[in-house]
Amino acid sequence: MERIDAHCHFWQPARGDYGWLDSGGPQLDPLRREFLPPDLAVLNGMRRVIVVQAAPSEAETHFLLGLAQTAPQIAGVVGWVDLGEPEAAGRLAALARNPRFRGVRPMLQDLADPDWIDTAPAPDAIRALQSLGLGLDALVRTQHLPALSRFVARYPDLPVVIDHAAKPDLSEGLGNAWLDRMRGLARDSRSHCKLSGLLTELDPTRLASPARAVEALRPVLDRLLDWFGPARLMWGSDWPVLTLAAGHDVWEAVTEALLADLSPRDRAAILGGTALRFYGLEAG
């Protein structure tokens with residue numbers, strides 16, 4: 001079984017297009033430095049990764065594709081294109097000439113309009129994603145799920161993966177809105193979900209030990225397994241954002257505990273096989 005990290009980030013703040021990082025307040029100070037492939041390779045033993053955009057610019061996408069030229073652990077890049085621009089289809093086609101370009105991620109959680117994904121993208125841009133064999137990562141929260149559901153229904157041939165399980169509010173248990181909307185989205189067989197970005201959603205008291213984190217996240221995993229099944233779930237580290245909550249090794253330990261009771265086949269799907277298929281990667 002090949003382990004694949006289906007969600008991580010690399011960045012250089014000096015490049016200047018990470019607006020969320022600049023405006024995020026002192027709690028983001030630990031992230032305001034370079035994070036590059038060699039830094040993660042030390043932690044994951046050169047495991048192959050999908051690197052996901054962190055800036056709403058094509059310049060950053062080219063930066064990530066440039067890193068992939070010299071970092072063999074980068075199996076694919078999920079970049080950014082303004083899907084609402086008339087030229088979006090042509091821009092996607094140009095980027096797709098690089099085989100490492102595997103999809104796009106509009107930063108939906110940062111947009112003022114929660115319905116943007118349902119109303120703004122140009123239809124020919126979405127058709128281009130489909131014809132080019134690319135996918136869409138959806139960075140969303142619960143309030144974005146109704147619009148995402150309508151979008152997925154309208155484009156049934158476009159593979160979509162929900163990043164970080166739509167960041168459920170874990171402070172007081174799982175809310176009814178998240179439960180109902182995620183369950184509904186999962187009924188569409190083209191919808192996938194990432195088991196990632198969840199430690200940073202936990203109350204700090206839950207991070208006192210891996211066991212407490214496992215206890216808090218067990219209800220989330222149980223529901224995701226029930227709705228999506230292992231074949232539509234993929235694991236990601238969300239490194240280095242992860243480090244705001246815990247180290248890479250802690251998330252690895254929490255993951256092992258969460259998946260311990262699954263069959264080898266189901267574990268293999270979540271830890272690599274689903275990402276391999278969704279992003280159209282060659283087996284390592």
Side-chain angles (χ1 to χ4, degrees), residues 4-24 28 31-41 44 46-111 116-117 120-122 124-139 158-161 163 194 196 236-241 275 278-282:
I4 296 174
D5 182 345
H7 197 105
C8 71
H9 306 284
F10 302 128
W11 60 63
Q12 291 179 323
R15 293 187 51 260
D17 49 5
Y18 307 97
W20 64 274
L21 193 55
D22 294 334
S23 61
L28 297 186
L31 300 182
R32 293 187 175 106
R33 65 175 182 85
E34 289 189 351
F35 290 90
L36 297 171
D39 303 315
L40 183 55
N44 73 5
M46 289 289 290
R47 181 182 300 158
R48 287 205 295 171
V49 304
I50 299 294
V51 59
V52 179
Q53 64 81 227
S57 75
E58 288 183 42
E60 195 226 13
T61 301
H62 287 290
F63 163 71
L64 296 175
L65 290 170
L67 290 180
Q69 291 182 347
T70 57
Q73 67 264 47
I74 298 179
V77 171
V78 175
W80 183 93
V81 169
D82 185 347
L83 297 176
E85 285 192 351
E87 303 85 3
R91 293 178 182 274
L92 288 167
L95 286 166
R97 295 189 187 105
N98 187 320
R100 299 284 183 92
F101 182 69
R102 302 310 311 147
V104 295
R105 183 174 80 154
M107 300 178 78
L108 301 177
Q109 72 169 19
D110 296 335
L111 300 178
W116 187 94
I117 191 62
D124 63 338
I126 306 305
R127 288 192 291 269
L129 286 173
Q130 294 173 152
S131 65
L132 293 166
L134 303 173
L136 184 136
D137 270 57
L139 177 62
L158 177 67
V160 173
V161 59
D163 289 354
K194 287 186 179 179
S196 61
S237 68
D238 196 30
W239 184 90
V241 181
F278 181 89
Y279 289 111
L281 308 179
E282 294 184 3

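All heavy atoms count here, side chains included; hydrogens, waters and symmetry mates do not. All residue numbers refer to positions in the sequence shown, counting from 1.
With contacts defined as side-chain heavy-atom distances shorter than 4.5 Å, the pair Cys8/Leu40 qualifies. Looking at Val81 and Thr61, their side chains never come closer than 4.5 Å, going by heavy atoms from C-beta outward. By the 4.5 Å heavy-atom criterion applied to side chains, Asp137 and Lys194 are counted as neighbours. Between Val77 and Asn98 there is no side-chain heavy-atom pair separated by less than 4.5 Å. Between Ile74 and Val49 the shortest side-chain heavy-atom distance falls below 4.5 Å. Side chains of Val52 and His9 form a contact here, defined as non-hydrogen atoms less than 4.5 Å apart. Side chains of Leu134 and Arg102 form a contact here, defined as non-hydrogen atoms less than 4.5 Å apart. At a threshold of 4.5 Å between non-hydrogen side-chain atoms, the residues Tyr18 and Glu60 count as touching.
Side chain of Arg48 to backbone of Ala75: no donor-acceptor contact under 3.5 angstrom is found. With hydrogens and angles disregarded, no donor-acceptor distance shorter than 3.5 Å links the side chain of Trp116 to the backbone of Met107. Of the possible donor and acceptor atoms, one in the side chain of Trp11 sits under 3.5 Å from a partner among the backbone N and O of Arg33.
Ring geometry, Phe35 versus Trp239: the interplanar angle exceeds 60°, so the pair is classed perpendicular (tilted spans 30 to 60°).
When every heavy atom of Glu85 is checked against every heavy atom of Ala122, the shortest pair comes out as O-CB, 4.3 Å. Ser237 and Asp5 make their closest contact through OG-OD2, 2.5 Å (heavy atoms, listed as atom of the first residue, atom of the second, distance). Of all heavy-atom pairs between Ala88 and Ala125, the closest is CB-CB, 3.7 Å. Residues Leu139 and Arg105 come closest through the heavy atom pair CD1-NH1, 3.6 Å. When all heavy atoms of Phe278 and Pro159 are compared, the pair lying nearest together is CE1-CB, 3.5 Å. Counting all heavy atoms, side chain and backbone alike, Asp17 lies closest to Ala55 at O-CB, 3.2 Å.
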Please walk me through it: do Asp82 and Glu58 pass side chain to side chain contact (heavy atoms under 4.5 Å, CB included)? CA-CA 9 Å; Asp82 185 347; Glu58 288 183 42; 5.9 Å; no
Going through the distances and angles, do Leu67 and Val51 end up as a side chain to side chain contact (heavy atoms under 4.5 Å, CB included)? CA-CA 10 Å; Leu67 290 180; Val51 59; over 6 Å; no
Applying side chain to side chain contact (heavy atoms under 4.5 Å, CB included) to Asp39 and Phe10, what does each step give before you reach the verdict? CA-CA 9 Å; Asp39 303 315; Phe10 302 128; over 6 Å; no
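The CZ atom of Arg15 sits 6.0 Å away from the CZ atom of Phe63 when rounded to the nearest 0.5 Å. One finds the CG atom of Leu92 at 9.5 Å from the CG atom of Asp124 (value rounded to the nearest 0.5 Å). For the atom pair CD1 (Ile4) and CD1 (Ile50), the distance works out to 7.0 Å, reported to the nearest 0.5 Å.
No side-chain N or O of Ser196 forms a donor-acceptor pair with one of Asp238 less than 3.5 Å apart.
With sequence neighbours left out, the ring pair (Phe, Tyr, Trp, His ring centres under 6.0 Å) criterion links Trp80 to no other residue.
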